[in-house]
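Worksheet: the structure to be examined is printed underneath.
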Amino acid sequence: MRTHSASWRAAAVVASVLLVGSIAACGNSDTGSDGGTKDDGKITMGFSQVGAESGWRTANTISIKESATAAGVELKFDDAQQKQENQIKAIRNYIQQKVDVIAFSPVVESGWDTVLKEAKDAKIPVILTDRSVDSADKTLYKTFLGSDFVKEGRLAGEWLVEQKKTASGPVNIVELQGSTGAAPANDRKKGFAEAIAANPNLKVIASQTGDFTRAGGKQVMEQFLKANPKIDVLFAHNDDMGLGALEAITAAGKVPGKDITIITVDAVKDGMQALADGKFNFIAECSPLLGPQLMDLAKKVHAGETVPARIETEETTFTSAQAKEALPNRKY
Ligand code: GYE
């Protein structure tokens, strides 16, 4: 299969010279009777995805699948339905199938050492995408490609501090956390808390997981509204939970974006539309378009090249006016 871009083809020429030994070691090369190699140079990647919990995840999955095709990478894809045990099973399958590279977006941060060690022993490089793990042994994976979630939480909090700088009394905040134990949930909570500590009037009065889904966001927001007569601000760890919460807020007779200031993370299309419509007030962007960089990294680690241990995604923030301007050109 030869669907590589020109730049990849050029890189492949160099890489193939360096790589004859390591490709043979992977067991996917075969020497033909003419002494040439039958290996078509195609990389096989086993990818274990978190699930299909949000608009972000859908865009991320599309990005990975499209980029694999464009890069000529053979992709084996598994949806773990937000369960760590399913991811561990998928990774073990990929090890058994002797794929060239394993990539995955870990559902939660902890509990990966054993399976990562198995991949390392099998000499299959692992790339973390989107979310990281808390393993102390950094040699268990080659690199982590993804966002700085603490920064996203901080940007959300800093915007709120600025908005409420003249507030004379308490500002009651409720927080919809992402999936329990997930890096973006832990980190966004941390960054937000750090930023709002600048103003003692800003208080998180309730904080609970909505599992990164619309249904979760709606259900938990209903509980928040029942239990707390005065809610001034909602910080949702992603757009989908914020979108679910909109229904609960409207049903409670309140006007989202006015009675309750709403801040979210992601900036997927539906979130950006809500922001442009004035129902959300601020979004810290988190880009799901990780596919092209991931395929590039896979080729590099397969070629035995050293890659940076951490590659951060570039991101921005949006106010309502900025969302209106950006929406027509949004890809997801
Ligand atoms: O923000 C959320 C998704 O890990 C960055 O997971 C990702 C998060 C994203 O479900 O919408």
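Atoms within each ligand, like the ligands themselves, are counted from 1 in listed order.
Within the cation-pi definition used here (under 6.0 Å to the ring centroid, within 45° of the axis), Arg330 qualifies as a partner of Tyr332.
Under 4.0 Å is where a charged nitrogen must lie from a carboxylate oxygen, and between Asp130 and Arg57 at least one such pair does. With respect to Lys230 and Asp232, a salt bridge is recorded, a charged nitrogen being found less than 4.0 Å from a carboxylate O. Here Lys226 does not pair with Glu222 in a salt bridge; the nearest charged N to carboxylate O distance is not below 4.0 Å.
Residue Ser54 approaches ligand 1 through these ligand atoms, each under 4.0 Å from one of its heavy atoms: 2 (C), 3 (C), 10 (O), 11 (O). Heavy-atom proximity to Pro184, at under 4.0 Å, picks out these atoms of ligand 1: 4 (O). Proximity to Phe212 (heavy-atom distance under 4.0 Å) selects the following atoms of ligand 1: 2 (C), 10 (O). Using a 4.0 Å cut-off to heavy atoms of Phe149, the atoms of ligand 1 that qualify are 5 (C). Numbered from 1 in the order shown, with element, the atoms of ligand 1 that lie under 4.0 Å from a heavy atom of Asp130 read 4 (O), 5 (C), 7 (C). Each of the atoms 5 (C) of ligand 1 lies under 4.0 Å from some heavy atom of Cys286.
Each of Phe282, Phe280, Phe235 was evaluated against Trp159; a single residue qualifies, Phe282, per the ring pair (Phe, Tyr, Trp, His ring centres under 6.0 Å) test. Paired with Phe47 under the rule side-chain contact (heavy atoms from CB on, under 4.5 Å), one option of Leu75, Thr61, Val99, Val73 passes, and it is Leu75.
At the shortest separation from atom 10 (O) of ligand 1 among protein heavy atoms lies Glu53 OE2, 2.5 Å.
Polar contact with ligand 1: present for Arg131 (N/O pair, distance under 3.5 Å). Not a single N or O atom of His237, backbone or side chain, sits closer than 3.5 Å to an N or O atom of ligand 1.
One hydrophobic cluster, built from ILVMFWY side chains closer than 4.5 Å, holds both Leu289 and Val268. Under the 4.5 Å side-chain heavy-atom criterion for grouping Ile, Leu, Val, Met, Phe, Trp and Tyr, Ile231 is not connected to Val171 through any hydrophobic cluster.
Distances from atom 1 (O) of ligand 1 to the heavy atoms of Leu290, Asp266, Val50, Asn238 show the closest one on Asp266.
Residue contacts with ligand 1, taken as heavy atom pairs separated by less than 4.0 Å, do not involve Gln82 at all.
The closest approach between Met241 and ligand 1 stays at or above 4.0 Å for every heavy atom of the residue.
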